[in-house]
Amino acid sequence: MNELKGFDVKYIKGVGEKRAQLFNKLGVFSLDDLVHYYPRKYQDWSKTSTVATSNNGDTVTIKATMITPVKESLIRKGLTLYKCNFSDGENVIHVTIFNNKYLAKALRTFDEYILYGKLEKNFTSASMNSPQIEKDEGAVGIHPIYPSTERLNSKAIAKVVKAALEKVEHFEDTLDDEIKQRYDLCSLDFAIRQIHFPSERKNIEIARKRLIFEELLTLQLGLLKLKVKKHSENGFIIDKDFTNEFYPLLPFEPTGAQKRAISDCINDMKGESTMNRLIQGDVGSGKTAVAAALMHTVIKNGYQAAFMAPTEILAFQHFESLTKLFEGTDISVALLTGSMKPKEKKEIKTALMDGEIDLIIGTHALIQNDVEFKDLALVVTDEQHRFGVEQRATLAMKSSNPHLLVMSATPIPRTLGLIIYGDLDISVIDELPAGRQPIRTDVVDSSYHERIYSFIRKNVDAGAQAYIVCSLVDEGESDLISAKEYAEQLSNTAFEGYNLGLIHGKMKAKEKDNVMNAFSRGDVQILVATTVIEVGVDIPNATIMLIENADRFGLSQLHQLRGRVGRGSDKSYCILVSDNKSKTSQERLAVMKDTNNGFKIADYDLKARGPGDFFGKRQHGLPNLVIADMLEDMETVRICQSCAQEMLKEDIDLKKYPLLKEQINDMFRKVNN
């Protein structure tokens with residue numbers, strides 16, 4: 001396997017220096033990369049037909065002889081047509097080739113060819129426009145179609161892959177016969193050769209089954225090994241549980257689900273191994289209270305805790321709420337963010353190192369090289385899907401095996417969670433705190449705007465606050481109105497005389513903080529915003545969420561935005577405005593109207609849109625999958641997880657599977673790079 005990785009693609013027949021650069025653009029650098037660069041689909045040229053046996057509009061493969069020379073005609077500048085006739089032995093096929101001088105010049109009268117494309121026929125004639133044309137020798141069969149790039153088409157890639165496969169006598173198997181028999185898998189050699197050039201249609205699925213299994217098994221083994229590694233010896237055993245002292249600090253009675261999650265974590269921290277746990281709960285389920293309970297217990301045991309949030313707004317809010325919660329205790333709380341003045345940062349870092357600060361709350365600033373702790377025993381990261389595996393690991397490296405707690409309000413079906421959070425144990429908070437009312441959600445078109453504005457004015461006059469969310473920031477980004485324009489327009493029309501605020505991602509951190517603080521104090525009555533307010537901001541007095549062009553957002557994102565209201569005991573409303581009349585769009589928004597359950601919404605969103613919301617921005621810190629699909633192959637995920645657990649139970653170092661071990665290292669090394 002190492003020989004394949006070390007064999008530069010430029011030395012494969014038909015490549016060379018210049019073409020190698022085109023392959024590099026596709027992520028192909030070595031012979032090993034090339035044989036794992038799989039086709040995205042196939043064209044089946046294995047069954048030939050004739051004009052007589054085909055129907056009008058069929059995509060067909062016809063063996064035919066060229067019977068007239070090519071005639072060239074210039075239709076207009078930039079468009080040349082080439083026309084010629086072929087015969088399948090019974091009928092004439094009129095062929096038109098568009099703008100392909102190279103192909104037209106290569107065709108020879110009376111030679112035999114294979115034509116592949118759409119056949120148009122009537123009672124008197126048959127024709128094909130721009131069919132694929134190949135010399136008869138070896139053209140019949142199943143043709144792989146590869147993801148290509150400019151100046152490197154699929155046909156050229158196939159030719160190079162064929163040359164590469166000819167260079168390899170045999171692909172050594174990564175799995176033993178027992179595993180292959182148990183899971184009905186073909187050999188790796190058969191799988192790689194047939195995925196590229198299948199001798200028959202059924203072999204594609206046989207090859208895919210083996211390669212998908214191998215990829216998901218490699219991923220699961222890597223994550224489980226990471227989990228075993230993370231579950232290293234507990235460097236901070238928590239001897240005493242202080243949760244009974246903590247509960248009276250809360251202004252509410254914690255739910256049973258919160259208490260169970262806290263108990264899970266305390267038991268982890270009392271054990272022989274370091275805690276690595278995910279707390280997953282819907283918006284407003286009270287995850288922060290769970291984190292606060294654990295930080296309290298850890299600090300009361302004589303250690304420090306760190307809480308990392310994805311944005312400065314959220315970090316500041318956690319700082320304010322936790323400072324208030326721990327008021328009257330001897331716990332010292334501090335904030336560290338990138339926008340703070342150098343002198344202030346330096347003072348906080350010194351106090352942290354000296355152990356004068358018990359709890360530090362911050363953003364990515366916490367993982368800077370010069371941040372050191374005296375006794376860091378617990379690391380908490382909020383909104384885990386926004387931090388990669390490496391980022392949370394970097395914070396954990398600030399101490400010797402600290403406990404790790406990650407929290408996410410992004411509802412993810414459990415099986416998908418096993419992949420995203422494969423290196424963590426999972427606790428789910430599936431109850432909402434008492435007194436929380438379900439948020440009423442309505443879906444309307446833009447003709448309702450005047451009624452919506454009137455409803456907002458009425459509620460704001462009664463002392464409530466409202467969010468108005470737009471999907472764009474600047475003018476000219478599309479034909480939709482920008483957040484800036486909209487805020488200006490509303491302040492001069494529907495909400496003249498009201499205090500309107502504007503917040504978006506392109507503002508400086510300090511500007512955003514000022515606006516959010518004003519909204520939090522109630523100085524701003526109506527906040528026009530982009531999705532920067534999606535995560536975590538808690539304003540109990542905000543009871544209305546108006547989302548413009550709601551069809552442009554993912555359902556999970558809409559659910560996160562809706563979660564910004566309904567934080568208090570008052571009845572709250574979410575109004576989704578969309579003029580998109582497509583059936584798909586209306587179905588999606590109807591799901592939002594019908595349920596407040598984030599897990600049901602996430603399930604629908606994943607099935608309808610794929611896992612883009614969770615995987616699209618590559619924030620999760622997991623390897624790219626080449627052939628497996630996170631949704632389509634869920635059953636294989638479960639099977640591979642079970643197989644991986646068994647393999648590691650018998651052979652933790654994978655001594656029996658050196659090639660598989662090498663694959664795991666390669667897979668995770670690519671992420672780290």
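As the structure is a prediction and not an experimental result, all values here were calculated from the model. Nothing fancy with the numbering, it's 1 onward along the sequence.
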Review point. Are any side-chain N or O atoms of Glu372 and backbone N or O atoms of Leu352, one a donor and one an acceptor, separated by less than 3.5 Å?
Key: no

Salt bridge between Glu134 and Lys155, side-chain N to carboxylate O under 4.0 Å? yes

Original post:
So, are Lys162 and Glu166 salt-bridged, with charged N and O less than 4.0 Å apart?
Top reply: no

- Looking only at atom types and distance, does a side-chain atom of Gln194 sit under 3.5 Å from a main-chain N or O of Ile206, one as donor and one as acceptor? no

Neighbour count above 12 (heavy atom, 6.0 Å) for Arg201 CZ | yes

For His143 together with Tyr42, are the ring centres under 6.0 Å from each other? no

Strictly distance-based, threshold 3.5 Å: is any side-chain N or O of Asp375 a donor or acceptor partner for the main-chain N or O of Gly302? no

Do Phe23 and Phe29 have ring centres separated by under 6.0 Å? no

**OP:** Verify, without hydrogens or angle tests, whether Gln280 (side chain) and Val428 (backbone) share a donor-acceptor contact under 3.5 angstrom.
**Re:** no

Give a yes or no on whether a salt bridge exists between Asp184 and Lys209, defined as a side-chain N under 4.0 angstrom from a carboxylate O. yes

Can you tell me how the ring of Phe242 sits relative to the ring of His296, calling it parallel under 30°, perpendicular over 60° and tilted otherwise?
perpendicular

*Salt-bridge criterion met for Arg638 and Glu635 (N-O under 4.0 Å)*: yes

Could you tell me whether Glu178 and Arg182 have a side-chain N and a carboxylate O separated by less than 4.0 Å?
yes

Check your understanding: Charged N to carboxylate O below 4.0 Å: is that the case for Asp354 and Lys374?
Key -> no

task = Verify, without hydrogens or angle tests, whether Ser187 (side chain) and Phe190 (backbone) share a donor-acceptor contact under 3.5 angstrom.
result = yes

- Full working for salt bridge (Lys or Arg N to Asp or Glu O under 4.0 Å) between Asp189 and Arg193: CA-CA 6 Å; Asp189 187 76; Arg193 295 181 192 281; 3.1 Å; yes

task = Over 60° means perpendicular and under 30° means parallel, so classify the ring planes of Phe236 and Tyr303, tilted if in between.
result = perpendicular

request  = Please answer whether the main-chain N or O of Leu188 pairs with a side-chain N or O of Asp173 as donor and acceptor at a distance below 3.5 Å.
outcome  = yes

Problem set entry | Donor-acceptor contact below 3.5 Å, side chain Asp651 vs main chain Met647 | no

